[in-house]
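Throughout, a chain's letter reflects where its sequence line sits, starting with A, and its residues are numbered from 1.
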There are 2 protein chains.
Amino acid sequence: MAVEATAMALLWEQQTASKRGPKPTLSLDMIATTGIEIADADGLAALTMQRVAERLGVTKMALYRYVPGKVELVALMIDRGIGEPPRLERMTGGWRRKLDTWARQMFDRFAGHPWALEATVGARAIGPNELGWLEEATAALTGTPLTGGEILDVAVTLIGQVRMIAQQAAAMGTRDPEQAMDEAMNAVLSGREDRFPALAAVLADSAGKNQALDFGLRCILDGVQLLIDRRN
Amino acid sequence: MAVEATAMALLWEQQTASKRGPKPTLSLDMIATTGIEIADADGLAALTMQRVAERLGVTKMALYRYVPGKVELVALMIDRGIGEPPRLERMTGGWRRKLDTWARQMFDRFAGHPWALEATVGARAIGPNELGWLEEATAALTGTPLTGGEILDVAVTLIGQVRMIAQQAAAMGTRDPEQAMDEAMNAVLSGREDRFPALAAVLADSAGKNQALDFGLRCILDGVQLLIDRRN
DNA sequence: CAGAACTGTGTCTAGAGTACACTGTGTCTG
DNA sequence: CAGACACAGTGTACTCTAGACACAGTTCTG
């Protein structure tokens, strides 16, 4: 919890401008943005304090005046990278349409910042934007006969689906991820069809179309709808 | 793809015993098992070649005779850690019961080896056990009116749900993960209820019971069932 | 005994983070 | 109002950890 505490402070607390001393040449925003640029371009492994500093025209030690360490920098990058949630209350349509939009927008964010997937496993600090996303989803489901716990569970399930598909897409390079996935599995399977017969048959039948996100969302939302309808 | 290729060879190809030279003191299995023990106990960050070697009573360079590098070691650990899939064909009941069991068993594996979640984001090599899990799921759905692509999508969606809940559980320490999650969110929210009103209300109403896995699985499988019933 | 296969020692490199000196800037005091 | 001073920002030099390579030494079998 120790590291998360410092990250929480950075994410949530307003930065107070210091009075005395030289003017800062950098800002948290500049540093986070630069970090995001690097991670977008070359992945999280390529994100080093050195490289962030270089791009900003300073030495890495300058960064430690703004950010306690790399973990906190990444936490900042995540919250800024995911960005503000969509404003669903302005949307027409019921909870289903809203959640569908919500999930697809989240997918787009993850697709734009694939490193955010790696960076968001395990214990970590939650930022305001991230909590904002959750707020939007819960707001969309408020008023339905679902309990509070169930509302959260729906949101979590949707996040799971979005993350999973985004992960596959990221692993397979950007274009035609499912096609690539099929090909990769076919490559492994060739010569071993007897060991994985059902999988081989299914792959032969697979169209390789990019429908996984749609399909999963539909299943989940159908399931939620069924529950809501039953309660009404 | 370069690293994955060497990992694939290690995962799939039979190791040929060498004739000449001293007897190897170690084996791939011993090394992978030791790695799993360390990661289980202290997390993936604590997994160093040094530490694996120490526990085996050798220097780290000895390991490089068996494993090309750390990436490949982790790939081995994943496949061994996830282990063999459950044998669903022996089960009574239809596809739904089978998939439910499949998902819950997968959850148990991830719960036992939380580091496997971190280690399975991004491009990586797929091992025989992992493919075996996919085989079981597809076999369970073969015979339903779903297309090949849809069958794979169902499996992927389930994996997403399992991973998501396992991730939350891992992040929150083992016992009562959802309770802990609620508490953590409440802590962040306190004093900011005006900014996240729906979330605050929902949290106040949340029972904190560990039902997220059940709930999500039910939604997903309900959705799949709806689709199957419609086609019949 | 020759050659191949294991293992250990020493070394290199990258990257996170610390210690500390130096420099600039506002505030406080005589 | 001028100078001292405290404090903030930045840079240089260093430590520490960890993965990986080179190569010497050792062991075993054909």
Between [X] ([atom1]) and [N] ([atom2]), how many Å, whole number?
| X | N | atom1 | atom2 | answer |
| --- | --- | --- | --- | --- |
| B:R20 | C:dA4 | CZ | P | 6 Å |
| B:L44 | D:dG19 | CG | C1' | 14 Å |
| A:L63 | C:dT18 | CG | C1' | 15 Å |
| A:L26 | C:dG24 | CG | C1' | 16 Å |
| A:R51 | C:dA16 | CZ | P | 12 Å |
| B:E72 | D:dG19 | CD | C1' | 12 Å |
| B:L73 | D:dA18 | CG | P | 15 Å |
| A:Q50 | D:dA13 | CD | P | 14 Å |

Side-chain donor/acceptor of B:Q167 to backbone N/O of A:V121, under 3.5 Å: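 Judged by distance alone, no pair lies under 3.5 Å.
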Check: B:Q15 side chain, B:E13 main-chain N or O, donor-acceptor pair, under 3.5 Å: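 It does hold such a pair.
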Residues B:D100, B:R104: salt bridge by 4.0 Å N-O rule: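 So B:D100 pairs with B:R104 through a salt bridge.
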Residues B:R124 and B:E130 bridged, charged N to O under 4.0 Å: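 Looking at B:R124 and B:E130, the cut-off is met.
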First of B:T48 and B:G21 reached from the 5' end of DNA chain D, by closest nucleotide: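 On the 5' side of the pair lies B:T48.
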Most 5' of A:K19 and A:M61 on DNA chain D, judged by nearest nucleotide: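 It is A:K19, whose closest nucleotide lies nearer the 5' terminus.
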Short side-chain N/O contact from A:Y64 to OP1 or OP2 of C:dA16, under 4.0 Å: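 Negative; the distance criterion is not met.
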Phosphate contact (C:dA4 OP1 or OP2) by B:S18 side-chain N/O below 4.0 Å: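 It does not, given that no N or O in the side chain of B:S18 lies less than 4.0 Å from OP1 or OP2 of C:dA4.
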Among the candidates [options], find the nucleotide nearest to the side-chain atoms of [X].
| X | options | value |
| --- | --- | --- |
| B:R65 | C:dG17, C:dA5, D:dT29 | C:dA5 |
| A:P22 | C:dT23, D:dA20, C:dT7 | C:dT23 |
| B:P24 | D:dG19, C:dT27, C:dC6 | C:dC6 |
| B:M49 | D:dC7, D:dG11, D:dG19 | D:dG19 |
| A:K23 | D:dG11, C:dC6, C:dG26 | C:dG26 |

Donor-acceptor pair present, A:K60 side chain and C:dG15 base, under 3.5 Å: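 For A:K60, whose side chain was compared with the base of C:dG15, there is no donor-acceptor pair (under 3.5 Å).
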Residues A:K60, A:T48; criterion side-chain contact (heavy atoms from CB on, under 4.5 Å); working and verdict: CA-CA 9 Å; A:K60 67 175 175 180; A:T48 66; over 6 Å; no
